[in-house]
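Quick notes on the structure that follows.
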Amino acid sequence: MKKAPILILVFSLLCNTYDVFGQQITNGGMEQWAELLNGDKEYPIGWTTRNHLETNPQANFGIKVEDAYKGSKAILLQNFRVSPEVTLGSFLSLGVFDPTNPTKRGVPFTDRPVSLNFAYKYFTSKANPSGFYKAKSIVRLTRWDAVNNASVLVADGEYEIITKTNNYKLVELELNYYSQLQPDSVVVMFTTPSNPDDLVRLTLDDIHFVYDTPASSDDSFVNDEIMVYPNPAKAFLNIDQSQAASDESQLLVFDALGRLQMQHNLSSEVETVDIALLDTGFYFYQIRRNEALVKTGKFLKSLN
């Protein structure tokens, strides 16, 4: 098998990452923070929290924490009990707070991502969160129709956060597209339930969009003669090509942003590939043989 063309292909994919993956969420890793004007609270730069709206110095709805999934910081959303009967929920909304229009949501955005991915931890004292007691993640892509003076929904997605977890849970929130239009704005918002339970805690990190990846930029290949398992995978990925052609092939693994993370020559019919050094998260793969793409797919690298 010729190696040089594969290396050229990989270099080309990396050089064209922006064209393939488009816009990303500003400060989605929650690494950059600033103080509110009164100096008693902080907020992640590029985002609006309920701290921008509430003047009560005792109510802190969004806290910078070092319990991060990636990097060194994350945000903890928590509720605040105003009275025994009333608790205010928290929220995190993409976009800089505008005091002249405090309910404004969304930022300019012109791409068509496949999904919104994020990591979260969740606690509530409710035994089985449901209905009104669910936290949520919401994403909406829209385009302004100047003729009809209205906003047109291009795509949306919603994820209900009901699973209590002390360990980070990874979410891939797929977007449902209703139009071929290019959007001009996006809303990304996380909310906690407004209920008498003031022990709600929602930690968020690594919020980002996923686009068509190198693994799917060619026509999709679901080759039943090649099996890639397990999924999720913890430390090893098995590649079974016993039913396929026996030519030497190569495995390429990309992260959710399309960056090449590893490549491995496959020289046997059944091969075990060590992926222990990969960070937890979603990955896309290609299997190529004689310069041709023969299979694509994705897998989750898990902690356990």
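Quick note: residue numbers are just sequence positions, from 1. Keep in mind that what you see is a predicted model, and the values were worked out from it rather than measured.
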Provide the closest heavy-atom pair for Ala74 versus Ala68 in the form atom of the first, atom of the second, distance. CB-CA, 4.0 Å
In this structure, NZ of Lys301 is separated from CG of Leu170 (nearest 0.5 Å) by 10.5 Å
Keeping Thr48 on the side-chain end and Gly95 on the backbone end, is there a donor-acceptor pair under 3.5 Å? yes
For the student: nearest non-hydrogen atoms of Leu36 and Asn51, plus distance: CD1-O, 3.6 Å
So which heavy atom on Arg112 is nearest to which on Ser179, and how close? NH1-O, 3.0 Å
Is the shortest heavy-atom distance from the side chain of Ile138 to the side chain of Val187 under 4.5 Å? no
What are the two closest non-hydrogen atoms of Pro108 and Gln23, and how far apart are they? O-NE2, 3.9 Å
What distance do Phe123 atom CZ and Gln78 atom CD have between them, rounded to the nearest 0.5 Å? 12.5 Å
Would you call Ile287 and Val228 a side-chain contact if the rule is heavy atoms closer than 4.5 Å? yes
Kindly determine whether Ile207 and Leu92 satisfy side-chain contact (heavy atoms from CB on, under 4.5 Å), including the steps that lead there. CA-CA 11 Å; Ile207 305 167; Leu92 175 70; 4.3 Å; yes
Should the ring pair Phe118 and Tyr120 be called parallel, tilted or perpendicular, given that the plane angle runs from 0 to 90° and is split at 30 and 60? tilted
Would you please say whether a donor-acceptor pair under 3.5 Å links the side chains of Asn238 and Thr272? yes
Please check if atom CG in Asn101 has more than 12 non-hydrogen atoms from other residues, nucleotides or ligands closer than 6.0 Å. yes
Do Thr165 and Asn167 have side-chain N/O donor and acceptor atoms under 3.5 Å apart? no
Does Leu300 share a hydrophobic cluster with Phe284, counting links as ILVMFWY side-chain heavy atoms below 4.5 Å and allowing steps through other members? no
Looking at CG of Asp40 and CG of Asn60, how far apart are the two atoms once the value is rounded to the nearest 0.5 Å? 8.0 Å
Would you call Asp184 and Phe109 a side-chain contact if the rule is heavy atoms closer than 4.5 Å? no
Could you pull out the closest heavy-atom pair between Lys41 and Pro57, with the gap in Å? NZ-CA, 3.6 Å
Is a side-chain donor-acceptor pair under 3.5 Å present for Ser185 with Thr142? yes
Might you point out which heavy atoms bring Leu175 and Pro113 nearest each other, and give the distance in Å? CD1-O, 3.6 Å
Can a donor-acceptor pair be found, under 3.5 Å and without considering hydrogens, that links the side chain of Gln261 to the backbone of Val253? no
For Ala292, is there any backbone N or O sitting under 3.5 Å from a side-chain donor or acceptor partner on Asn290? no
Going through the checks in order, is the side-chain contact (heavy atoms from CB on, under 4.5 Å) test met by Val273 and Met262? CA-CA 10 Å; Val273 180; Met262 64 175 293; 3.5 Å; yes
Check against side-chain contact (heavy atoms from CB on, under 4.5 Å), Ile226 and Gln241: CA-CA 5 Å; Ile226 302 175; Gln241 302 184 93; 3.9 Å; yes
Shared hydrophobic cluster for Val294 and Leu237 (ILVMFWY, side-chain gaps under 4.5 Å): yes
Atom pairs and distances, side-chain donor-acceptor, residues 145-157, under 3.5 Å, sequence neighbours left out:
unit_1: Asp145; atom_1: OD1; unit_2: Val147; atom_2: N; d: 3.0
unit_1: Asp145; atom_1: OD1; unit_2: Asn148; atom_2: N; d: 3.3
unit_1: Asp145; atom_1: OD2; unit_2: Asn148; atom_2: ND2; d: 2.7
unit_1: Asp156; atom_1: OD1; unit_2: Tyr178; atom_2: OH; d: 2.6

Check the orientation of Trp47 and Phe190. Use parallel for under 30°, tilted for 30 to 60°, and perpendicular for over 60°. tilted
Can a donor-acceptor pair be found, under 3.5 Å and without considering hydrogens, that links the side chain of Arg81 to the backbone of Leu199? no
Would you say Ser90 and Val200 make side-chain contact, with heavy atoms under 4.5 Å? no
Going only through I, L, V, M, F, W and Y residues with side-chain contacts under 4.5 Å, is there a path from Phe282 to Leu204? no
Let me confirm one number: the CD-CD1 distance from Glu158 to Ile161, rounded to the nearest 0.5 Å. 10.0 Å
Please tell me if the side chains of Leu116 and Phe209 come closer than 4.5 Å, counting only heavy atoms from C-beta onward. yes
Ignoring hydrogens and angles, state whether a donor on the side chain of Glu66 or Ser72 is under 3.5 Å from an acceptor on the partner side chain. no
Has Glu31 got a side-chain atom pairing as donor or acceptor with Lys73's backbone, closer than 3.5 angstrom? yes
How long is the straight-line distance from OH of Tyr283 back to CD1 of Ile275, given to the nearest 0.5 Å? 8.5 Å
Do the side chains of Lys295 and Arg289 get nearer than 4.5 Å, heavy atoms only? no
Could you tell me the separation between the CG atom of Leu202 and the CZ atom of Phe91, rounded to the nearest 0.5 Å? 13.5 Å
Whether Lys164 engages the ring of Tyr122 as a cation-pi pair (distance to the six-membered ring centre under 6.0 angstrom, angle to the ring normal within 45°) should be assessed. no
Close side-chain approach of Ser137 to Leu173, heavy-atom, < 4.5 Å: yes
Pair Tyr69-Thr203, side-chain donor/acceptor within less than 3.5 Å: no
Count I, L, V, M, F, W, Y as connected when their side-chain heavy atoms are under 4.5 Å apart, and connections chain through other members. Are Trp33 and Phe97 then in the same cluster? no
Can you hop from Ile25 to Val96 via hydrophobic side chains spaced under 4.5 Å? no
Please step through side-chain contact (heavy atoms from CB on, under 4.5 Å) for the pair Ile75 and Thr49, ending with a clear verdict. CA-CA 10 Å; Ile75 186 169; Thr49 71; 4.2 Å; yes
Any non-hydrogen side-chain atom of Asp67 less than 4.5 Å from a side-chain atom of Tyr168? yes
Under a plain distance cut-off of 3.5 Å, with no hydrogens placed, do Ser242 and Asp240 share a side-chain donor-acceptor pair? yes
When you measure from the side chain of Asn27 to the backbone of Gln32, do you find a donor-acceptor pair of N or O atoms at a distance under 3.5 Å? yes
Ignoring hydrogens and angles, tell me if any N or O in the side chain of Arg201 forms a donor-acceptor pair with the backbone of Leu76 under 3.5 Å. no
Is the backbone N or O of Glu172 less than 3.5 Å from a side-chain atom of Tyr159, with the two atoms forming a donor-acceptor pair by type? no
